[in-house]
Amino acid sequence: MGAGPGPDLHRRDLRLRAEAAGAARARASAGHQITAGIIERTIDEWEQRHGASTIKNTIAPLVRMLDEAVRDGLIQINPAKNRAKRSLNRNAFRGQSAEHASPRAHAIPDMKTLNRLARACGKVHQSYSDFVMLAALLAARSSEVSGLQVGDVDFDKNLVMIRRQVFPGKGGLVTKPTKSRKERRVPILEPLRPVLERLTDGKEPADSLLVGPKGGYLTTATVRDATNWDGVVAKLGLPDLTRHGLRHTGATWMADAGIPLHVLQDILGHASMETTRGYLHPDDRHLASAAEQANAFLSAAGQRKHTRRSSPATRGV
């Protein structure tokens, strides 16, 4: 039997939350100003000792607690509110090369390591292993994995349609279109095929493709807490890997496989090709740019423009 998340993770989270709440209450009660700078420095300190998930879980109740302090008249404004959405671990990437600061830096290095991660999560429950494989090999967001239905898998066309996302919101789970508001077609990669075949077997098209141990939706927070994610990835030598890093993994592997940039952009659902370009190996980015220029030149519009420029002027003769 695989070990569950255990009490250590929960004790660590509670200890950090108590530390944050206690410090804030002490400063507020003593009449000291709680500033955004203090919160920034505190988060910077936490980043040296805790994983991103733990920090994120701590900031949310800190914001709510300081809202209470505002209502009680202890402080005038909540300085944590604008810091709740700050980019965690951003300091870790300052001063690094563009290559190490790119999405590629957050990807799993190879299929062997992905399988190890999936097996480790699967020791808690098979659905967590399936979540890892789906997110990585479809290059999908966690919320998009949650929103997959059986009918989205088309084995005849060898495609998975990503049509919706499901994520926690105020009052419960929210179902919305994808971030780009467009359906995306993602090719079925062979390592994912047996997972999809098992998950679709005997189900109706409208059924959820992936459900958790209790039959409900899996969210990124559910996977994080149930698997002791920070501990698992640390043991694999990938301490900075998040669930969103699984999407970065699939995107990086597809880019390295030579999938054309415009096709990769469609698979990932990026509005900007510059975002997609970040997944290319640095040595290949100038080649991709050259290819775009050449394709534009060879297009019908480009050829007409070239012809107009090349033809001799007829006016004034």
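FYI, the numbering just counts along the sequence from 1. Reckoned from all heavy atoms, side chains included, excluding hydrogens, waters and symmetry mates.
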Could you pull out all donor-acceptor pairs under 3.5 Å where a side-chain atom in residues 136-145 meets a protein atom, sequence neighbours excluded?
from   : atom 1 : to     : atom 2 : distance (Å)
Arg141 : NH1    : Glu144 : OE2    : 2.7
Ser143 : OG     : Gln165 : OE1    : 2.9
Glu144 : OE1    : Arg141 : N      : 3.0
Glu144 : OE1    : Arg184 : NH2    : 2.9
Glu144 : OE2    : Arg184 : NH1    : 2.8

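- Taking all atoms of both residues into account, the shortest heavy-atom contact from Tyr279 to Ala255 is O-CB, 3.4 Å.
- Hydrophobic clustering places Ile259 together with Leu246 (ILVMFWY residues linked when any side-chain heavy atoms are closer than 4.5 Å, directly or through intermediates).
- Thr276 contributes atom OG1, which lies 6.5 Å from atom CE of Met273 (distance to the nearest 0.5 angstrom).
- Atom SG of Cys121 and atom CE of Met133 lie 11.5 Å apart (nearest 0.5 Å).
- Proximity of Gln149 to Leu209: side-chain heavy atoms (C-beta onward) are nowhere separated by under 4.5 Å.
- Qualifying side-chain hydrogen bond (donor to acceptor under 3.5 Å, both in side chains) partners for Asp110, counting only residues two or more places apart in sequence or in other chains: Thr113.
- Among pairs with a residue in residues 195-216, those fulfilling salt bridge (Lys or Arg N to Asp or Glu O under 4.0 Å) read Asp130-Arg198, at least two apart in sequence or across chains.
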Step by step, would you call Thr275 with Gln265 a side chain to side chain contact (heavy atoms under 4.5 Å, CB included)?
-> CA-CA 8 Å; Thr275 305; Gln265 180 184 10; over 6 Å; no

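- Ile162 has its side chain out of reach of Glu183: every pair of non-hydrogen atoms, C-beta onward, lies at least 4.5 Å apart.
- Minimum heavy-atom separation, Arg104 to Leu280: CD-O, 3.3 Å.
- Proximity of a side-chain donor or acceptor of Arg224 to a complementary backbone N or O of Asp230 within less than 3.5 Å is not detected.
- In this structure, Val166 is not a member of the same hydrophobic cluster as Leu218, with clusters built from ILVMFWY side-chain heavy atoms closer than 4.5 Å.
- Considering only residues two or more places apart in sequence or on other chains, Thr219 meets the side-chain hydrogen bond (donor to acceptor under 3.5 Å, both in side chains) condition with Thr222.
- Using a 4.5 Å heavy-atom cutoff, the side chains of Leu196 and Phe155 are in contact.
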Show the numbers, then the answer: is there a side chain to side chain contact (heavy atoms under 4.5 Å, CB included) between Leu134 and Val160?
-> CA-CA 10 Å; Leu134 288 166; Val160 173; over 6 Å; no

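- In this view, Val211 and Ser208 satisfy the side chain to side chain contact (heavy atoms under 4.5 Å, CB included) rule, not counting sequence neighbours.
- Interatomic distance, Leu114 CG to Arg119 CZ, rounded to the nearest 0.5 Å: 9.5 Å.
- You'll find the side chain of Phe131 reaches within 4.5 Å of the side chain of Arg243, heavy atoms only.
- Qualifying side chain to side chain contact (heavy atoms under 4.5 Å, CB included) partners for Ala120, counting only residues two or more places apart in sequence or in other chains: Val232.
- Residue pairs meeting the salt bridge (Lys or Arg N to Asp or Glu O under 4.0 Å) criterion with at least one member in residues 257-268: none, sequence neighbours excluded.
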Residues Arg185, Asp154; criterion salt bridge (Lys or Arg N to Asp or Glu O under 4.0 Å); working and verdict | CA-CA 10 Å; Arg185 296 179 298 170; Asp154 189 336; over 6 Å; no

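- A single hydrophobic cluster is seen to contain both Met111 and Leu117, as judged by linkage of ILVMFWY side chains at heavy-atom distances under 4.5 Å, directly or through other members.
- For Arg181, the side chain to side chain contact (heavy atoms under 4.5 Å, CB included) partners two or more places apart in sequence, or in a different chain, are Pro177.
- Residues satisfying the ring pair (Phe, Tyr, Trp, His ring centres under 6.0 Å) test with His262, not counting sequence neighbours, are none.
- In this view, Asn158 and Arg193 satisfy the side-chain hydrogen bond (donor to acceptor under 3.5 Å, both in side chains) rule, not counting sequence neighbours.
- With sequence neighbours left out, Ser127 forms a side-chain hydrogen bond (donor to acceptor under 3.5 Å, both in side chains) with His125.
- Scanning for side chain to side chain contact (heavy atoms under 4.5 Å, CB included) contacts around Lys235 gives an empty result, with sequence neighbours left out.
- Taking all atoms of both residues into account, the shortest heavy-atom contact from Val124 to Ala226 is CG1-O, 3.6 Å.
- When all heavy atoms of Leu241 and Trp229 are compared, the closest pair comes out as O-NE1, 2.8 Å.
- The line from OG1 of Thr249 to CD1 of Ile108 is 4.0 Å long, rounded to the nearest 0.5 Å.
- Closest of all the heavy-atom pairs between Pro194 and Pro191 is CD-O, 3.8 Å.
- Taking CZ of Phe167 as the reference point, atom NZ of Lys176 lies at 4.5 Å (rounded to 0.5 Å).
- For the pair Gly278 and Pro103, the tightest heavy-atom approach, listed with the atom from each and the gap, is O-CD, 3.7 Å.
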Go through Ile188 and Leu159 one step at a time and tell me if the side chain to side chain contact (heavy atoms under 4.5 Å, CB included) criterion holds.
-> CA-CA 5 Å; Ile188 297 175; Leu159 294 173; 5.6 Å; no

Can Leu210 and Leu148 be said to form a side chain to side chain contact (heavy atoms under 4.5 Å, CB included), step by step?
-> CA-CA 7 Å; Leu210 181 65; Leu148 287 173; over 6 Å; no

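- Under the 4.5 Å side-chain heavy-atom criterion for Ile, Leu, Val, Met, Phe, Trp and Tyr, Leu238 and Val223 are members of the same hydrophobic cluster.
- By the 4.0 Å N-to-carboxylate-O rule, Arg164 lies close enough to Asp152 to be salt-bridged with it.
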